[in-house]
Amino acid sequence: PVMTYNADTGLYYMTISSGNYGKNTYCVIQLVGYSPVGPFRKLDADEGGMVLSIENTNVSDIITGVGHHSITYAGDEMLIVYHRHFNLALNEHNRYPATDRLVWVKNSLGMTVLHANGPSSSLQPKFYGNNSTKYDIISGDATVSVDAKTNGQDAFNDASLLNDNVIVTLPN
């Protein structure tokens, strides 16, 4: 278990790995409490209880066994470092570390909960902290553009929608 405190809510958030690491259901869930010694209440899925999971994603053939984690910081950016399988079909013990951003979001009930920007299978930018927008350039040939005339849906073709630091993009 890993615990973090949110001064804005006055709550302690305990994250734990749940399930069997050799299965696709292995994940990181969260519990909340008003004291670091508990009691804690497990948040259900509707409350945003899953911090890091492949449930309800299309990545189960790419990413499996996400869990066994820790929370760390780069400046004021919160990160979750966790294990994931390299290839579950080859060997359930063949796992490696991955890192994704961890952010505070409001669930459908207006409660502040932890949310991981992942699990990711893509190369992640270097974490600079302090909400920096600075990224290391890893390819001089890469470009990203937005065509505001795609299918006549101008409202959905704004460059600011490319990344909100909560969604994750995965390779097709």
Side-chain angles (χ1 to χ4, degrees), residues 1-9 11-33 36 38 40-132 135 161-172:
V2 180
M3 189 178 312
T4 190
Y5 178 72
N6 184 313
D8 293 335
T9 65
L11 292 172
Y12 292 86
Y13 294 76
M14 181 183 295
T15 56
I16 60 173
S17 297
S18 176
N20 180 327
Y21 83 96
K23 307 289 182 193
N24 280 351
T25 56
Y26 195 52
C27 61
V28 177
I29 63 172
Q30 64 188 309
L31 303 87
V32 295
F40 286 91
R41 183 177 72 82
K42 178 183 165 188
L43 299 179
D44 63 33
D46 292 336
E47 295 174 302
M50 294 281 197
V51 176
L52 187 66
S53 168
I54 62 167
E55 188 174 296
N56 299 321
T57 70
N58 61 352
V59 298
S60 61
D61 57 336
I62 302 169
I63 301 172
T64 59
V66 297
H68 190 211
H69 68 288
S70 187
I71 296 173
T72 190
Y73 292 85
D76 60 358
E77 282 187 88
M78 191 169 27
L79 308 172
I80 185 167
V81 180
Y82 57 96
H83 277 150
R84 58 168 280 202
H85 291 111
F86 177 71
N87 185 334
L88 181 59
L90 294 177
N91 182 343
E92 72 180 37
H93 306 296
N94 191 1
R95 300 186 328 147
Y96 65 93
T99 304
D100 285 301
R101 284 185 170 85
L102 194 58
V103 295
W104 297 106
V105 298
K106 296 280 187 186
N107 67 11
S108 61
L109 304 171
M111 179 182 184
T112 301
V113 296
L114 287 165
H115 174 80
N117 186 19
S120 297
S121 66
S122 58
L123 185 63
Q124 296 293 297
K126 181 176 179 180
F127 300 106
Y128 287 95
N130 301 320
N131 291 320
S132 173
Y135 293 95
L161 300 176
L162 290 175
N163 188 338
D164 63 4
N165 292 323
V166 175
I167 64 167
V168 62
T169 57
L170 298 168
N172 290 334

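Nothing fancy with the numbering, it's 1 onward along the sequence. Quick caveat, the model's predicted, so the values are computed rather than measured.
- Nearest heavy-atom pair, L52 versus A116, reported as atom, atom and distance to 0.1 Å: CD1-CB, 3.7 Å.
- Applying the side chain to side chain donor-acceptor pair (under 3.5 Å) test to K106 and every residue at least two apart in sequence or in another chain returns T112.
- Residues I80 and V51 share a closest heavy-atom pair of CD1-CG1, 4.4 Å.
- Annotation: side chain to side chain donor-acceptor pair (under 3.5 Å) contacts of H68 (sequence neighbours excluded): H83.
- Rounding to the nearest 0.5 Å places CE of M78 at 11.0 Å from OG1 of T72.
- Counting heavy atoms from C-beta on, the side chains of N6 and L11 never come closer than 4.5 Å.
- Annotation: the span from W104 atom CH2 to D8 atom CG amounts to 9.0 Å, rounded to 0.5 Å.
- Between the OG1 atom in T15 and the CD1 atom in I71 there is a gap of 4.0 Å [rounded to 0.5 Å].
- The distance from the CD1 atom of I29 to the CE atom of M14 is 10.5 Å, given to the nearest 0.5 Å.
- Side-chain contact between R84 and P119 is absent, with no heavy-atom pair separated by less than 4.5 Å.
- With sequence neighbours excluded, the residues that form a side chain to side chain contact (heavy atoms under 4.5 Å, CB included) with D46 are D44.
- At least one side-chain heavy atom of R101 sits under 4.5 Å from a side-chain heavy atom of L79.
- The minimum heavy-atom distance between M50 and C27, with the atom names listed, is SD-SG, 3.6 Å.
- By the ring pair (Phe, Tyr, Trp, His ring centres under 6.0 Å) test, Y73 pairs with no residue at all, sequence neighbours left out.
- Side chains of L31 and Y13 form no contact here, defined as non-hydrogen atoms less than 4.5 Å apart.
- Under the rule for a side chain to side chain contact (heavy atoms under 4.5 Å, CB included), the partners of V113 that lie at least two apart in sequence or sit in another chain are Q30, L43, V105, N107, M111.
- With sequence neighbours excluded, the residues that form a ring pair (Phe, Tyr, Trp, His ring centres under 6.0 Å) with Y12 are Y5.
- Minimum heavy-atom separation, V66 to Y82: CG1-CE1, 3.9 Å.
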Item checked: Evaluation steps, side-chain contact (heavy atoms from CB on, under 4.5 Å), between L114 and T4 -> CA-CA 10 Å; L114 287 165; T4 190; 4.0 Å; yes

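- Across G67 and S17, no two heavy atoms sit closer than the pair C-OG, 3.7 Å.
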